[in-house]
Amino acid sequence: RMAAKPHATLGSLDVLPEEERRRLLTEWSQRPVARPMDRPVQALIQEQAARTPERIAVTHWEASLTYGELDSLANRAAHRLIAGGVDADVLVAILAERDLRFPAAVLGVLKAGGGYLPLDPSLPPERLARILEQSRVPTVVVSPGQQALLEEALAKVGGPRPAVVASGELFAQGGLETPPPVRNADASLFYVIYTSGSTGVPKGAMLDHRGKLNHILSMIDFMKLGPDDVMAETATQSFDVSVWQFLAPLVVGARVEIFDTELQYDAPRFLAEVERRGVTVLEVVPSLLANLLEELERLGERRPPLQALRWPMPTGEVLPPAHCRRWLRMYPHKPLLNGYGPTEVCDDTNLFVIEHPPAEDAERVPIGFPLDNLEMYVLDRRMLPVPQGVPGELYIGGVGVARGYLHDPARTAAVFLPNPFASRPGARFYKSGDVCRYREDGALEFVERADFQVKLRGFRIEPGEIETTLQRHPRIKQAVVLVRELGGGKELVAYVSLQDALEGAAAPSRADVEAELRGFLRERLPHYMVPAALVILPFLKLNANGKIDRKALPAPDADLF
Ligand code: ADP
């Protein structure tokens, strides 16, 4: 689909003064850093395990695994997977809870040479089936708790079915516990993560070892992570954010503390756990940060000191300046780290440390500066650099750009483009869809999206995917999905018109149709993509361009949801 609004660019110069060109294309746009890249992530973790086998690696509530135990489990898994044909560039899906065994399974896949595809157990079977089909993944590892879900999903898969390996079998004792030699190459698949796709089919971004290693090592250097750090593993395994949360601490001998997703809905308990577990790195989406701020303000002087916390790190969506002011009022010596980046370029690509409360009239806080070995370009529609201060679309290049979307050459070609500014042959960059601009100090600011994609509570959503799904329902004639303010927060609202008017004695009630449509969406989409409100209208007005006139849609009544 075409961009919703032309990103407001404006008067970019064909010929920039040489000095400005140098700043835009060299000084601000990149941070080349040379560091050894010859050992893949799983080998670095294995070496750490050999040095400190007794140290705690991962904790989930009262249960934990030492580095030695984690590494043995991963080795067993690797040998089992190798025996089943896994090798470099072969994908293995993992459908399992986010518990101690999850990182062991991931490391097992990596040691076998393969790349992993996390499947979120909270997805409906229909959705899992589509991902299994689209990815053509040959092997699925499943935990005992998710076997029934997998059965249900497999029953809906058309075409060849993957081989299933129960995790009991994956980690069975009696197998080899010595590590296999490194089997992947730099360019081998590390993971595939699916994100919402506007055409109605999710797309799987393929990230490679080199990019992820660069990301993890850059984050470790920037944040000076060491063995005393404690990472709160807050992200669901199907988010790319979970990858570094699990693996970066293990590279440096630190501890991973798994935070169950449910905890996020309970700010008092969440904070108590951060304090009790001595978390030093806490990555939260700004909407969760808002809940935490409310609780901390309520506690007043009784709020926890969070002595251990070094990096409160909001990422994944716009960070409102007011959140920063509120945080720094309570914790003036704990700067916030704003992290920005798309799944298509290995998670975070930009970082900005917020030490001082932003001014009352500040509209935004910067997303900041590029991570090591990444390249930023703010370009106009002709793909020419725009001057400092002028908004343009952000294109991201360097080490970490995904290979593309799995089995989807068309969508890959649309956003992974040849990078004309790089001297390396074959260099590509990712067209992010984010409109950004440079501040005077070279920090980037996120301005807006160039398309309809939204972030809600940290979840990346293409409303077009919800619309396409609705359109597959036989009752639907037109459908538009928007984000609106509802009852104090932002929510998804679906506006639909129906093929047949709800008239006559035989017609179902409006409430029945709403329930039917909602059920239809729930069966096919992740829970966060099911609109909070559904508005049935006689017709959706078209504008002069023949498109649905979004501005003409009424605000939903408060009692609609
Ligand atoms: P992640 O790598 O965090 O999983 P996603 O692929 O889910 O990222 O979403 C990336 C998009 O989210 C970006 O293109 C941008 O639109 C938005 N985004 C992420 N972080 C920020 C941020 N700190 N400020 C503003 N927008 C952000």
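Side chains are part of it too, since the values below use all heavy atoms of this structure and drop only hydrogens, waters and symmetry mates. In this text the structure is predicted, and so the values were computed from the model without any measurement. In listed order, ligands and their atoms are each counted from 1.
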Applying ring-ring contact (aromatic ring centres under 6.0 Å, His included) as the test, list every pair that has at least one member in residues 374-397; sequence neighbours left out. Y377-F421, Y377-F429, Y395-F429
With sequence neighbours excluded, tell me which residues meet side-chain contact (heavy atoms from CB on, under 4.5 Å) with R411. T199, V201, K203, Y405, D408
The side-chain contact (heavy atoms from CB on, under 4.5 Å) partner of I193 among T343, L117, D347 is T343
side-chain contact (heavy atoms from CB on, under 4.5 Å), paired with V92, selected from L110, V137, V109: V109
So if I only count non-hydrogen atoms and take anything under 4.0 Å from ligand 1, which residues does that give, chain by chain? D240, V241, G316, E317, V318, N338, G339, Y340, G341, P342, T343, D347, I367, D434, F446, R449, K455, R460
Regarding E97 and Q146, is there a side-chain donor-to-acceptor distance under 3.5 Å anywhere? yes
State which residues pass side chain to side chain donor-acceptor pair (under 3.5 Å) with R522; sequence neighbours excluded, sorted by chain then number. none
